[in-house]
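Every heavy atom of this structure was used, including side-chain atoms; hydrogens, water molecules and symmetry mates were not. Source: prediction; values computed, not measured.
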Amino acid sequence: MTLRLPAAKPASMLQNLEALARDAKSWPFEQARNLLAHVLKKRLSDAERNAAKLLIDAGKADEALATFEALQKPVIFETGYGPSGLPHMGTFGEVARTTMVRNAFRALTGDHWPTRLIAFSDDMDGLRKVPEGVPNPGMLAEDLHKPLTVVRDPFGTHDSFGAHNNARLRAFLDGFGFDYEFLSSTEQYKAGRFDATLLTLLERFDAIQAIMLPTLGEERRATYSPFLPVSPVTGHVLQVPTLERNVAKGTITFDDPAGGRTELPVTGGHVKLQWKPDWAMRWTALDIDYEMSGKDLIESVRESSKVCRALGGVPPEGFNYELFLDIEGKKISKSKGNGLTMDEWLRYGTPESLSWYMFQSPKSAKSLHFNVIPRAIDDYLAFIEAYKTQDPAKQIDNAVWSIHAGSPPTHTSPVSFGLLLNLVAVANASNKDQLWAYFAKYLPDATPASEPLLDRLMGHALNYYEDFVKPTKSYRAPDEKEKTALLDLAARLKALPADTTDGELIQTEVYSVGKDHAFEPLRAWFGALYEVLLGASQGPRFGSFAAIYGLSQTIGLIEAGANGKLAEA
């Protein structure tokens with residue numbers, strides 16, 4: 001998996017890349033151009049912006065950055081994570097897509113502009129409910145309403161539940177090779193990183209309330225405060241109204257259910273913010289330039305942007321991606337468990353195939369369930385093959401450019417995932433060694449070391465077949481026309497050299513039989529092959545399959561299917 005930043009390139013190559021990036025049509029480059037315009041507007045006057053844009057459009061981003069000091073600061077991307085649960089598909093999707101935009105921005109600016117990606121953990125949030133499926137739920141119940149970095153770790157491996165899940169997040173991101181900087185909300189609050197912005201919010205409290213209160217119900221409006229004090233008595237993150245403010249002292253006063261009337265500074269981690277003001281405060285304090293979010297947060301982005309402006313900040317550029325749907329077309333919910341987990345995808349498919357799936361049409365709702373995985377794997381492989389023969393203007397819009405930061409692999413797998421699935425089914429294979437035995441003639445020099453992706457795909461195919469294909473396979477007997485054609489095909493294959501591994505030669509015979517027996521349309525012939533011989537409605541290129549499975553074994557399979565023996569089994 002290579003979602004890392006691209007390696008440094010020679011100046012001439014960078015200029016060519018900048019030119020390609022300016023005209024690229026894929027969404028990461030559209031986002032990168034929007035981000036460039038946003039940053040220029042945010043940091044420069046009109047005259048400076050026009051001058052900088054002329055230089056950048058001329059492929060002279062290095063001169064623009066050298067000329068304008070404001071452009072020398074890094075462009076900062078951010079993704080957020082709620083550590084009350086483990087990293088999930090949405091976490092991967094957001095970081096992967098943001099990294100794709102980051103790489104596109106680097107290409108657009110000639111790799112001269114420094115960038116950072118912050119993975120921010122909201123670990124100062126109070127634990128509101130005990131998550132399902134964790135050990136020691138009673139212990140967590142005792143720690144409800146405390147910050148996640150204070151809640152005891154039910155797994156017993158870290159100082160807190162928040163620290164445990166943060167470690168899982170970092171291991172998760174590191175495993176995919178993401179380039180990022182991790183920030184903990186608790187650490188940033190306590191270290192004073194947000195103090196100046198928190199004091200500004202205290203000063204502009206009424207303006208923030210004017211933004212937030214109209215978005216709330218009547219009952220919630222009566223008690224709402226952007227400040228959530230941490231009780232000095234219980235350690236709970238309190239949802240209580242702010243009774244008094246002292247801007248000069250930098251404090252708020254509130255009623256603590258456990259300690260009565262209490263005054264606390266808003267700085268130093270004594271309070272945190274409600275999540276929408278918190279989001280806006282973070283954008284302001286960390287000077288975030290880009291952050292994307294799900295379509296369900298459109299209103300939240302709008303409200304947080306207003307708060308950000310009220311704090312004197314500039315809301316980041318970004319876009320709202322569509323959410324995933326389950327097999328019934330319903331919105332995926334973590335609490336319902338009707339989605340596909342990261343571990344499940346990686347049991348049946350490669351990380352690259354998941355990145356390919358995330359790249360496709362992020363603003364369109366897509367199904368996310370097990371049956372999309374085989375197609376995603378083979379589409380990824382097809383895009384790699386297409387990349388090899390495309391001109392540079394097409395390559396930069398190919399999904400694999402964004403997936404691999406401009407350097408996709410030159411070699412992937414010699415066969416498709418669909419073919420492997422059918423080989424597993426027909427060979428009744430239960431391990432990789434059995435599958436490699438079939439490749440001994442077809443690819444005599446291939447080994448797991450020389451074909452690592454093929455070896456990985458074999459493992460995924462074995463898992464997918466066992467869990468999804470095997471339980472649903474259904475062979476049928478051929479009708480008379482199909483039986484005659486199948487026996488004819490067996491006879492023609494017997495006439496070929498017994499040791500042939502020429503898939504095209506076998507495929508030619510398959511086509512000829514279909515035409516000679518007047519199958520109209522010809523796909524009806526291939527449908528019969530798949531349903532009678534493979535027990536499925538679709539299948540691989542039959543010649544390639546037969547070349548790997550072996551000619552004699554394929555002939556035996558055809559004769560068994562023609563005589564109805566497969567349907568009887």
Side-chain angles (χ1 to χ4, degrees), residues 1 3 24-32 34 79-81 85-104 172 176 178 291-301 318-384 386-387 397-404 408 416-418 421 457 460 463-464 467-469 537-538:
M1 188 63 186
L3 275 163
K25 296 177 175 59
S26 60
W27 69 264
F29 287 94
E30 291 178 353
Q31 288 295 299
N34 291 344
T79 63
Y81 166 66
L86 298 177
H88 53 83
M89 195 69 79
T91 309
F92 175 86
E94 193 163 307
V95 180
R97 287 168 171 164
T98 302
T99 297
M100 292 174 188
V101 177
R102 186 185 182 191
N103 286 334
F172 175 85
F176 290 106
F178 288 116
E291 182 164 2
M292 62 176 66
S293 56
K295 186 180 179 182
D296 56 335
L297 296 181
I298 288 176
E299 289 299 322
S300 300
V301 169
F319 79 103
N320 297 103
Y321 51 82
E322 262 289 0
L323 305 179
F324 291 113
L325 306 176
D326 68 10
I327 196 168
E328 296 178 354
K330 297 178 181 178
K331 176 184 169 182
I332 286 176
S333 165
K334 285 191 291 182
S335 60
K336 292 180 182 177
N338 61 335
L340 189 63
T341 69
M342 286 296 307
D343 286 344
E344 287 168 337
W345 186 292
L346 296 179
R347 172 172 167 78
Y348 307 114
T350 61
E352 294 87 354
S353 66
L354 178 56
S355 293
W356 184 91
Y357 197 72
M358 292 294 176
F359 177 91
Q360 304 305 314
S361 305
K363 289 194 173 184
S364 299
K366 295 199 294 294
S367 297
L368 186 63
H369 45 83
F370 297 105
N371 63 12
V372 307
I373 297 176
R375 175 68 180 271
I377 295 172
D378 280 339
D379 282 347
Y380 165 77
L381 296 176
F383 273 60
I384 288 285
Y387 187 91
D397 277 328
N398 187 319
V400 301
W401 190 100
S402 290
I403 292 169
H404 295 284
S416 71
F417 187 69
L421 277 177
L457 291 180
H460 294 312
N463 291 338
Y464 194 92
D467 293 350
F468 298 109
V469 179
S537 59
Q538 300 180 60

Shortest non-hydrogen separation from [X] to [Y] and the atoms involved:
{"X": "Met100", "Y": "Ser355", "result": "CE-O, 3.7 Å"}
{"X": "Val372", "Y": "Ser367", "result": "CG1-O, 3.8 Å"}
{"X": "Lys363", "Y": "Asn320", "result": "CG-O, 4.0 Å"}
{"X": "Ala104", "Y": "Pro28", "result": "CB-O, 3.5 Å"}
{"X": "Ala24", "Y": "Asp397", "result": "CB-OD1, 3.4 Å"}

Polar side-chain atom of Asp378 near backbone of Gly418 as donor-acceptor pair, under 3.5 Å: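 Yes, the answer is positive, given that a donor and an acceptor are paired below the 3.5 Å cut-off.
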Side chain to side chain contact (heavy atoms under 4.5 Å, CB included) assessment of Leu354 paired with Met342: CA-CA 9 Å; Leu354 178 56; Met342 286 296 307; 3.5 Å; yes
[X] side, atom [atom1]; [Y] side, atom [atom2] - distance, nearest 0.5 Å:
{"X": "Asn398", "Y": "Ile403", "atom1": "CG", "atom2": "CD1", "value": "8.0 Å"}
{"X": "Glu352", "Y": "Leu381", "atom1": "CD", "atom2": "CG", "value": "9.5 Å"}
{"X": "Phe29", "Y": "Asn34", "atom1": "CZ", "atom2": "CG", "value": "13.5 Å"}
{"X": "Ile377", "Y": "Leu457", "atom1": "CD1", "atom2": "CG", "value": "6.0 Å"}
{"X": "Asn463", "Y": "Arg347", "atom1": "CG", "atom2": "CZ", "value": "3.5 Å"}

Side-chain H-bond candidate by donor/acceptor type, Trp27 with Ser402, under 3.5 Å: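 Checked: Trp27/Ser402 side chains show no N/O donor-acceptor pair below 3.5 Å.
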Derivation of the side chain to side chain contact (heavy atoms under 4.5 Å, CB included) call for Asp467 and Phe370: CA-CA 10 Å; Asp467 293 350; Phe370 297 105; over 6 Å; no
Parallel, tilted or perpendicular, as decided by the 30° and 60° cut-offs, for the rings of Phe178 and Phe176: tilted
Verdict with supporting geometry, Leu421 and Tyr464, side chain to side chain contact (heavy atoms under 4.5 Å, CB included): CA-CA 8 Å; Leu421 277 177; Tyr464 194 92; 4.0 Å; yes
Heavy-atom side-chain proximity of Ser26 to Phe359 below 4.5 angstrom: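 In contact.
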Derivation of the side chain to side chain contact (heavy atoms under 4.5 Å, CB included) call for Asp379 and Gln360: CA-CA 11 Å; Asp379 282 347; Gln360 304 305 314; over 6 Å; no
Test side chain to side chain donor-acceptor pair (under 3.5 Å) applied to Glu94 and Tyr321, step by step: CA-CA 9 Å; Glu94 193 163 307; Tyr321 51 82; 2.5 Å; yes
Contacts of Gln538 that satisfy side chain to side chain contact (heavy atoms under 4.5 Å, CB included) - sequence neighbours left out: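 None.
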Test side chain to side chain contact (heavy atoms under 4.5 Å, CB included) applied to Leu297 - qualifying residues, sequence neighbours left out: Trp275, Trp279, Ser293, Ser300
Among Trp345, Phe383, Tyr380, ring-ring contact (aromatic ring centres under 6.0 Å, His included) partner for Tyr357: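 Between Tyr357 and the candidates, ring-ring contact (aromatic ring centres under 6.0 Å, His included) is satisfied uniquely by Trp345.
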Single hit among Gln31, Arg102, Met292 for side chain to side chain contact (heavy atoms under 4.5 Å, CB included) with Arg97: Met292
